[in-house]
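In what follows, every heavy atom counts, from backbone to side chain, and hydrogens, waters and symmetry copies are set aside. Whatever order the structure lists ligands and atoms in, that order sets their numbers, starting from 1. Only a predicted model underlies this, so the values are computations on that prediction, with no experimental measurement involved.
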Amino acid sequence: MNSKPLYNRLQQHISLDRSSFHTPGHKCSGFFGSGMLELDLTELPDTDALYEADDVILQTENLLSELFRTKRSLISAGGCSLAIQTMLRIASEKGRKIICARNAHRSAVNAMALLGIEPVWIYPRGQKNGFTGRIYAEDVKQAIDADSRITACYITSPDYYGELCDIGKIAEVCHSRGVLLLVDNAHGSHLGFMENDLHPIHLGADMTACSLHKTLPVLTGGAALNIADEALAENAKSAMSLFGSTSPSYMIMSSIDICTDYFLNGSGTEDYRQCERRVSRIKQLAKEKGIAQPEGICDPLRVTLNTASAGICGTEAQEKYFGEYGIDCEFCDGKNAVMICTPFNSERDMKRLETAIKEMPSGRNEITVNTDLNNAPERVMMLRDAVLSDSEVIDVSDSEGRTAADTACPCPPGVPVIMPGEMITKEVIEIMVASGIKKIRAVRN
Ligand SMILES: Cc1ncc(COP(=O)(O)O)c(C=O)c1O
């Protein structure tokens, strides 16, 4: 029996000396120096308290607000999930009917269920090569105009593949109708430091939830809620305390401080822009090889390769090419491989990635995986009722006519084929089976 199973496995993984193209953004590069563990403190008379911050934590948040040019920024040691819960709680004070992009992360779906928010789904359009596609301002406009009770619009941008929505246009539509724009910017904390500022809070979003740890040098679990309007900040702390642990990690919170200082007083922006230029050469190399990548405005630091266009699925590419050169991808699915790059990747990492790309087969030899649903399944129960119902896990093959109690997604970052409260149809089952989903949680009959 292994006495310290997780600890030993992590040590073993580190000894493999892999190139990390996944989170966290600091890539275990030694950015924080030694001594971080000694900061595992708690709320003491001189260390302030997250939900009642009026001393050093407030100062940390004010510096973060300066960095992101917001009216208010809150730190989270409970990941972006906590920032999303907080954002939805704040928005729910205005109303409980919210337009929501169908590719919402499960933390948002669950938070909506807990808060009694009823989402009105809108679907991303323009899917190509297995990427998610984007939410368009016209669709947001149509959804708002169809229901006068809509008070907010919730979208995810960037999506997992790095595709960015036109936040400026969507914000214009929302604001002209008195609707808040909330953006899950989990994967885009770095976007404001790029050559062209792409951060959604600077393009018109009212609030953004940012998973700092994914793309910036912050310890895993460190995130921020950015707020553009003072009025929305009033009850923000109490909203966060509704969901957050009463023991937020001081290591995580202070790592946010170190990151903020790196940008405000150090070489952060310069390093990220240099990384942007380096990654652009890698993207160009893949393009020259004929490997398809997301089109339109995208996250400059994310390398998303449609390996299917080279005739191999993403998981096979991880095994045969990326894995072979010591690379760990962020994510692979039937069609794509996703790599998160930051300045904390060494030049050796970048060279390894280039070599793997060069080795991949070239020429278009598309493989197809059908995971697209043509119509939204019928909703037969409220989201909240379905999530909180008495439920059971059943075989997908036996689920026709049942009501889903959980989301099911062909590949987690994509568009869920079914949401809680929706009826499971034959078409839904076919897609789940084709995607390898064998079990589903359903409301008990
Ligand atoms: C789009 C999106 N939103 C939210 C989250 C939750 O972020 P965290 O893991 O920081 O809680 C994730 C996590 O992968 C995500 O991909």
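Taking CG from Asp257 and CD1 from Ile252, the interatomic distance works out to 14.0 Å, rounded to the nearest 0.5 Å.
Ring planes of His187 and Tyr160: perpendicular class, angle over 60° (limits at 30 and 60°).
Ion pairing between a basic and an acidic side chain is recognised when a charged N comes within 4.0 Å of a carboxylate O; Glu66 and Arg72 show no such pairing. Salt bridge status for Glu118 with Arg379: present, with a side-chain N to carboxylate O gap under 4.0 Å. For Asp406 and Arg106, the salt-bridge test passes: some basic side-chain N is under 4.0 Å from an acidic carboxylate O.
Each of the atoms 7 (O), 8 (P), 10 (O) of ligand 1 lies under 4.0 Å from some heavy atom of Ser211. Against a heavy-atom cut-off of under 4.0 Å, Gly79 is close to the following atoms of ligand 1: 10 (O), 11 (O).
For atom 7 (O) of ligand 1, the nearest non-hydrogen atom of the protein is Cys80 CB, 3.3 Å. Looking only at protein heavy atoms, the nearest one to atom 9 (O) of ligand 1 is Lys214 NZ, 3.5 Å. Scanning all protein heavy atoms for the shortest distance to atom 2 (C) of ligand 1 gives Asp184 OD2, 3.4 Å. Ranking protein heavy atoms by distance to atom 15 (C) of ligand 1, first place goes to His105 CD2, 3.3 Å. Atom 16 (O) of ligand 1 has as its closest protein heavy atom His187 NE2, 2.7 Å. For atom 11 (O) of ligand 1, the nearest non-hydrogen atom of the protein is Ser81 OG, 2.6 Å.
The aromatic ring centroids of Phe322 and Phe21 lie 6.0 Å or more from each other.
A donor atom on one side chain and an acceptor atom on the other are found under 3.5 Å apart for Ser391 and Arg441.
At a heavy-atom distance under 4.0 Å, only side-chain atoms of Ile84, from C-beta outward, approach ligand 1.
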